[in-house]
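All remarks here apply to the structure that follows.
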There are 2 protein chains.
Amino acid sequence: MLYIIGLGLYDENDISIKGLRAIEDCDEVYAEFYTAMLQGSSLSAIERRIGRNVKVLGRGEIEEERIPIERALELDVALLVAGDPLVATTHTELLIDAHRRGIETRVIHSSSIISAAPGLAGLQAYKFGRIITIPFTSDNYFPTSPYTNIGENLKAGSHSLVLLDIEAHRNRYMTASEGLRYLLKASEKLDDDTISGENLAVVIARAGSEKPLVRADRIAALVDEDFGDPLHCLVVPAGLHFIEADYLVEIAGAPRAVVERMIL
Amino acid sequence: MLYIIGLGLYDENDISIKGLRAIEDCDEVYAEFYTAMLQGSSLSAIERRIGRNVKVLGRGEIEEERIPIERALELDVALLVAGDPLVATTHTELLIDAHRRGIETRVIHSSSIISAAPGLAGLQAYKFGRIITIPFTSDNYFPTSPYTNIGENLKAGSHSLVLLDIEAHRNRYMTASEGLRYLLKASEKLDDDTISGENLAVVIARAGSEKPLVRADRIAALVDEDFGDPLHCLVVPAGLHFIEADYLVEIAGAPRAVVERMIL
């Protein structure tokens with residue numbers, strides 16, 4: 001049996017009771033932290049919480065050597081992953097491979113930025129369009145599709161959840177300010193004003209922690225702020241229902257004048 | 001202090017350790033099950049799991065009498081909700097109200113169909129467009145916007161997560177077959193073939209349970225199948241990456257010929 005178990009959003013206490021119990025029944029416990037890592041935790045804190053030793057596997061050990069699959073041919077094996085499993089293609093491929101080799105599998109879900117961020121931003125989940133990721137850019141690499149895709153969502157009246165690039169192996173996490181600077185630079189490069197300094201954005205930092213930051217304002221006002229430790233993500237809202245607007249003012253500190261002109 | 005705590009997807013074991021601990025610290029524990037209920041659980045199973053008595057509140061007691069807010073003026077109060085909190089507007093309004101009245105709040109996230117369904121369907125979360133809900137229809141009430149919105153997603157190359165109506169107070173849950181029949185009827189009514197019996201759909205039933213059902217096929221082949229107990233939801237996929245296609249064949253039993261013509 002191969003269990004793929006979500007650790008949830010932020011720290012070692014975001015795992016479900018169901019996940020903990022499944023781990024108790026397993027012969028071996030692995031984890032992968034190259035697709036994402038719990039920012040409010042550490043390997044030793046996770047090991048203390050679950051009461052088991054955890055072997056952390058690198059990309060090659062999972063995707064080429066297929067260690068969890070090979071072991072699960074004989075044993076009950078758990079693979080722990082940050083967030084809700086299956087969001088990364090790696091885990092989908094493991095399920096396909098396990099199924100082909102006759103290994104029973106079970107996925108244990110957990111909290112994810114995909115459902116948490118709309119809620120924390122006070123925006124209705126069914127009004128979100130496609131999720132966008134802003135990658136790290138360089139002098140030679142500056143894709144404009146993330147900007148264009150947010151623009152498409154805006155034109156369709158859909159909010160955008162904007163995830164920011166992670167290079168977990170280098171402990172490098174894009175900040176909300178870097179993400180916002182990307183948007184302003186793309187706007188300039190494309191000579192397009194769909195998204196400008198005047199647009200409303202919501203910064204969410206440390207979702208799942210005791211005090212997540214939720215801050216809404218014009219991009220021009222947010223771009224130089226320091227939002228503290230990772231992970232950060234952004235939401236770019238389209239037209240607002242008045243309850244969404246109230247929330248952004250009351251909870252996220254948005255200037256009333258900025259959100260009021262966005263009410264549908 | 002007002003805690004809004006997610007119970008997660010399916011049963012009383014989907015709550016996080018963090019949620020359990022917050023409940024221990026609370027003076028009073030409430031729950032609302034009118035926006036959604038755990039299908040694999042019961043009030044008494046939840047009470048046993050958390051070791052506390054729970055008072056279930058109706059819509060009027062939360063939205064008009066504001067019982068959780070009134071009590072949280074003096075005490076530490078937990079409000080338990082199915083899934084990840086804040087997906088329903090009710091909870092957003094509670095946060096706004098609490099904030100205006102100087103009550104500290106904390107949201108504890110949990111698993112949600114919004115992140116679980118894309119994963120269970122083997123489809124990439126960032127390729128989903130807007131979430132659509134199909135409402136119960138009648139002779140006098142047959143909105144076509146859910147059909148049209150799925151069509152918009154398809155044209156944009158985006159997968160659709162399709163939630164099915166719930167009337168929790170009447171213990172009435174739309175089945176996947178009813179949802180699919182709605183799509184065929186809307187297609188006929190609008191004389192539009194964006195979605196027909198030939199389209200691929202994925203049925204997900206009992207997400208979060210030990211054996212969730214994931215079944216992909218042409219709508220015409222699925223519409224008369226019995227998918228068992230609620231909750232059900234649908235996914236209508238747009239163009240597929242070959243790993244998405246492999247998953248649908250291998251795990252969800254889709255006919256290879258049907259998915260192959262959808263590979264981009």
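Since the model is a prediction, treat every value here as computed from it, not as a measurement. These values consider heavy atoms only, across backbone and side chains, with no hydrogens, waters or symmetry-generated copies. In the text below, chain A, chain B and the rest are named by the order of the sequence lines, each starting its count at 1.
Contacts between A:Ser160 and chain B at a heavy-atom distance below 4.5 Å are absent for every atom of the residue. For chain B, no part of A:Glu152 is nearby; none of its heavy atoms comes within less than 4.5 Å. Only the backbone of A:Ala156 comes within less than 4.5 Å of a heavy atom in chain B; its side chain stays farther off. Neither the backbone nor the side chain of B:Glu244 comes within contact range of chain A, judged by heavy atoms closer than 4.5 Å. Looking at A:Arg100, both its backbone and its side chain come within 4.5 Å of chain B, counting heavy atoms on both sides. Only the backbone of A:Phe128 comes within less than 4.5 Å of a heavy atom of chain B; no side-chain atom from C-beta onward does. Within the 4.5 angstrom heavy-atom criterion, only side-chain atoms of A:Lys211, from C-beta onward, approach chain B. Both the backbone and the side chain of A:Asp246 come within contact range of chain B, with heavy atoms under 4.5 Å apart. Of the atoms belonging to A:Arg106, it is side-chain heavy atoms, and not backbone ones, that fall under 4.5 Å from chain B.
In terms of non-hydrogen atom pairs under 4.5 Å with chain A, the most contact-rich of B:Val87, B:Thr89, B:Thr133, B:Val107 is B:Thr89. Chain A forms the most heavy-atom pairs under 4.5 Å with one residue out of B:His159, B:Glu93, B:Arg49, B:His91, and that residue is B:Arg49. Between chain A and the options B:Ser110, B:Ser112, B:Ala125, heavy-atom pairs under 4.5 Å are most frequent for B:Ser110. When each of A:Gly122, A:Gly8, A:Ser158 is scored by its heavy-atom pairs under 4.5 Å with chain B, the top score falls to A:Ser158.
One finds the CD1 atom of A:Ile15 at 10.0 Å from the OG atom of B:Ser16 (value rounded to the nearest 0.5 Å). The structure places NE2 of A:His99 at 5.0 Å from CD1 of B:Ile251, a figure rounded to the nearest 0.5 Å.
With A:Ser115 as reference, B:Ile114 is the one residue of B:Ile114, B:Leu86, B:Ile113 to meet the side-chain contact (heavy atoms from CB on, under 4.5 Å) rule. Only one option out of A:Ile132, A:Leu161, A:Ile131 pairs with B:Tyr126 in a side-chain contact (heavy atoms from CB on, under 4.5 Å); it is A:Ile131.
Contact of the B:Ile17 side chain with the A:Asp14 side chain is not registered, since no non-hydrogen atoms from C-beta on lie closer than 4.5 Å. Side-chain contact between B:Leu9 and A:Lys18: absent, with no pair of heavy atoms (C-beta onward) separated by less than 4.5 Å. When side chains are defined from C-beta on, A:Gln124 counts as touching B:Thr92, because their heavy atoms get closer than 4.5 Å.
Between the side chain of A:His109 and the backbone N or O of B:Gly208, no donor-acceptor pair lies under 3.5 Å.
Here the shortest heavy-atom pairing between A:Arg130 and B:Gly157 reads NH2-O, 2.6 Å. Here the closest non-hydrogen pair linking B:Leu95 and A:Tyr247 is CD1-CE1, 3.9 Å.
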